Amino acid sequence: MVQGRPGQAMALLHRALRLAPQPTPQRLVLKIKLAGIASQAHSPLALELASQALEEAQALQPGDDATPEQITQGRAQAQVALAGAQAQEQQHAEAEAGYLQVLQDHPGLPAALQGLGHLYLQCGRIDEALALFEELKLQDPVRGHAALIGARRFPEDDATLQRLELDARRPGPEGPVQPSLLLQLAAAWEKRKDYAKAFALADEASAANRRLLRYDPAAHRQACARIRHAFSRSLYEHRPGLGNPSTLPVFVLGMPRSGTTLVEQILAGHSQIHGAGELGLIPGVIAGLERWERHAGSGRGFPDCVDDLSAQVVDGITANLLKELQDYAPGARHVVDKLPHNFENVGLIKLLFPKARIVSVRRDPRDIAISNYFTDFAAKHGGLGYSYDLGWIGEQLADHNLLMHHWNQLFPGEMLEVRYEDVLEHPEREARRMLDYIGVAWEPEVLNFSELQRPVKTASVWQVRQPLYQSSKAKWEHYQEHLGPLIRGTNAPIRWEPITDMVALPVPGLLENAVALYRDEQLDEAEQDLLQLLHHLPEHAAGNFMLGLIYVRKGHLQEGIARMEQGFARCRWNADWRRDLIQAYELAGQQDKADALKSRGAGREQGEAVEQDTVGEIEC
């Protein structure tokens, strides 16, 4: 987990649980740890695991392997884990009740105090959150002070900050220092206007984080180039009418720390607009496309595969997305998805929802850079790894600018650009611009965003609970002497390798159409579609295997088997293909090959059953 490899961590914990099948306190610790890891990226799975952990904890009885104290402690930990998972799933009332029950049974339990405090902070119940953090400070000074600093309540005396700095320098799993605590201390010294001390601590924290990161700025730049290449003007010209005409989704995007949360909070103050927070809807679509391409053995991924999205597939995807958005706020005219890095996914958004409203938030890049550098992002091992190096931040800003220029050329006048500084200076004017763009009438209540009672889970959780303030403008001036790497990264020439390997299919859906024709016994028509697909993608596993099936059906056994073998070689995990290939061998009288594949498949299926079980739980 420290290395940012949650999938592998979860797989190891699954294996550990299989080795400890009997209910014991030790097994319970493993299950709670697994639920905690899952909560960071797979909250439905975390909820399921935490519920299982609580059931196991309640079933524990005193005996040789469990003392009464261990059972009591395990039940409390499981209840805290369940409440945390419920909070992640926005089941706030259930989570609050769970935390309160634990605190009634175990007054002063630090994990429950911290969890309930963060829940209250997200829901705008600031005073209640601060009271819990103050109590936490009595039980666990480091965790309490860290939570208070996160809520922008800073220690008043140097002695406390010095003690916390000593704690931050105690070695732990992350290395010789604790980067998260160092970044919180940097914020505290910044508040005291000791900018040299603040930057030194942030710099030390970033250096420690970089040792754990696998972020590659060159790979990101190449990925952005691939996105621009895939989402070209010709893609949309050749697919007129594709996409769902719904205007329900509204996307607020921009660089992290650019003001996207503030913009969403203003919009969410409107009676017809619901702010749903940072949703993973579009990244979820991308992950689904990636899984399908791996399943089909096409050798492609996103964004290359967008040219294969047929109208039928797009209709299915958009129907699911609209249902999910409607579930967030039944009856709302618009639902806001405020995921900043969707600026990389504008092309896919416009392919799925051509009429969706997109608000692009901009801010002085120097302020974005400093704010990123001082923030401890939960997704440091994901898309936000660049934020721990000023040069990387500069390159990311340049990549963002180039992408937005590309989207504005493709969709001129279809997105609204909003400057954070303008929102601070002229809130009503900018709010009117945004509401007019979305297509709803003016409501003055949108300016009371700091009073809005809705959960906020981003790094800006404390900021949007405050009235508008100007202190975040031009903060970079305090750190001007340190901005050399940022300026060099931003202004350096943007270079990438030419995109020469991206295939453009002439029409989408050749494989799915061929499968439908095959099922309707239209073998000649299915063969033509597959031959066209394989002309462009000769190594396509599903295309080769399907063509092989057709040849076998037509009596061309050897040619068909050769195609099936070619496809199966790329997807040996596919049990259905293995079975079909065995039958083809037997039809051709090649019993030795059939028996060999059967024997290899028996051991493979047993091993893959375990692996698929683990992967299925991780991806559910």
Side-chain angles (χ1 to χ4, degrees), residues 1-21 27-53 81-82 84-85 87-89 172-175 179-180 209-216 219-220 223 278-303 305 339 341 344-345 376-388 457 570-575 604-620:
M1 279 304 298
V2 169
Q3 294 176 343
R5 297 155 66 184
Q8 289 163 291
M10 292 174 70
L12 288 166
L13 283 167
H14 275 295
R15 289 175 59 189
L17 286 166
R18 283 193 291 272
L19 294 170
R27 174 184 166 84
L28 184 59
V29 169
L30 294 172
K31 182 64 73 77
I32 291 171
K33 183 66 175 175
L34 181 57
I37 293 174
S39 69
Q40 298 185 28
H42 309 279
S43 54
L45 174 59
L47 188 61
E48 178 185 346
L49 290 167
S51 299
Q52 294 173 4
L82 178 58
Q88 284 290 100
E89 282 289 277
E174 293 178 283
S180 297
N209 275 319
R210 285 197 300 272
R211 287 193 288 268
L212 302 171
L213 296 174
R214 291 176 290 172
Y215 179 75
D216 184 347
H220 177 265
E278 295 186 0
L279 303 181
L281 297 182
I282 301 303
V285 171
I286 293 171
L289 295 176
E290 295 271 10
R291 283 195 296 272
W292 167 251
E293 296 301 325
R294 288 195 298 271
H295 177 79
S298 70
R300 302 205 298 172
F302 183 86
C305 62
L339 188 66
H341 260 78
E344 296 179 350
N345 303 325
D376 185 35
F377 289 108
K380 69 176 68 175
H381 294 290
L384 297 175
Y386 64 86
S387 62
Y388 301 97
K457 297 171 65 176
R570 294 173 63 93
C571 299
R572 292 187 178 277
W573 48 265
N574 194 316
R604 179 178 292 274
E605 285 176 1
Q606 183 176 3
E608 285 175 354
V610 173
E611 181 67 18
Q612 288 297 319
D613 175 64
T614 298
V615 172
E617 288 190 76
I618 290 173
E619 294 188 346
C620 77

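From a predicted model like this one, the values you see are computed outputs, not experimental measurements.
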The criterion is side-chain contact (heavy atoms from CB on, under 4.5 Å); which residues satisfy it with [X], sequence neighbours excluded?
{"X": "L30", "answer": "L13, A16, L17"}
{"X": "A296", "answer": "W292, L511, H540, A542"}
{"X": "L212", "answer": "V2, E174, H381"}
{"X": "A53", "answer": "L28, K31, I32, A78"}

Exercise. For the residue pair E290 and G301, what are the closest heavy atoms and their distance?
Worked result: OE1-CA, 3.6 Å

Exercise. So, for G297 and C571, which heavy atoms are closest and what is the spacing to 0.1 Å?
Worked result: CA-SG, 3.8 Å

For this session: Output, in order, the C-alpha distance, side-chain angles, deciding distance and verdict of side chain to side chain contact (heavy atoms under 4.5 Å, CB included) for L47 and L82.
Result: CA-CA 6 Å; L47 188 61; L82 178 58; 3.8 Å; yes

Problem set entry | Those residues that, when tested against Q3, pass side-chain hydrogen bond (donor to acceptor under 3.5 Å, both in side chains) (two or more places apart) | R5

Exercise. Is a side-chain donor or acceptor of R300 paired with a backbone partner of E293 at a separation under 3.5 angstrom?
Worked result: no

Exercise. Do Q88 side-chain atoms and S39 backbone N/O form a donor-acceptor pair below 3.5 Å?
Worked result: yes

Problem set entry | R211 and Y388, any side-chain heavy atoms less than 4.5 Å apart | no

Exercise. Does the pair W573 and R294 meet the rule for a side chain to side chain contact (heavy atoms under 4.5 Å, CB included), with working shown?
Worked result: CA-CA 11 Å; W573 48 265; R294 288 195 298 271; over 6 Å; no

Just how far is it from atom [atom1] of [X] to atom [atom2] of [Y], taken to the nearest 0.5 Å?
{"X": "L281", "Y": "N345", "atom1": "CG", "atom2": "CG", "value": "11.5 Å"}
{"X": "L289", "Y": "F302", "atom1": "CG", "atom2": "CZ", "value": "7.0 Å"}
{"X": "E89", "Y": "E48", "atom1": "CD", "atom2": "CD", "value": "11.5 Å"}
{"X": "M10", "Y": "M1", "atom1": "CE", "atom2": "CE", "value": "9.0 Å"}

Exercise. Regarding H220 and E344, is there a side-chain donor-to-acceptor distance under 3.5 Å anywhere?
Worked result: yes

Problem set entry | With R570 via salt bridge (Lys or Arg N to Asp or Glu O under 4.0 Å) - residues at least two apart | none

For this session: Take F377 and N209 through the side chain to side chain contact (heavy atoms under 4.5 Å, CB included) test and state the conclusion after the steps.
Result: CA-CA 11 Å; F377 289 108; N209 275 319; over 6 Å; no

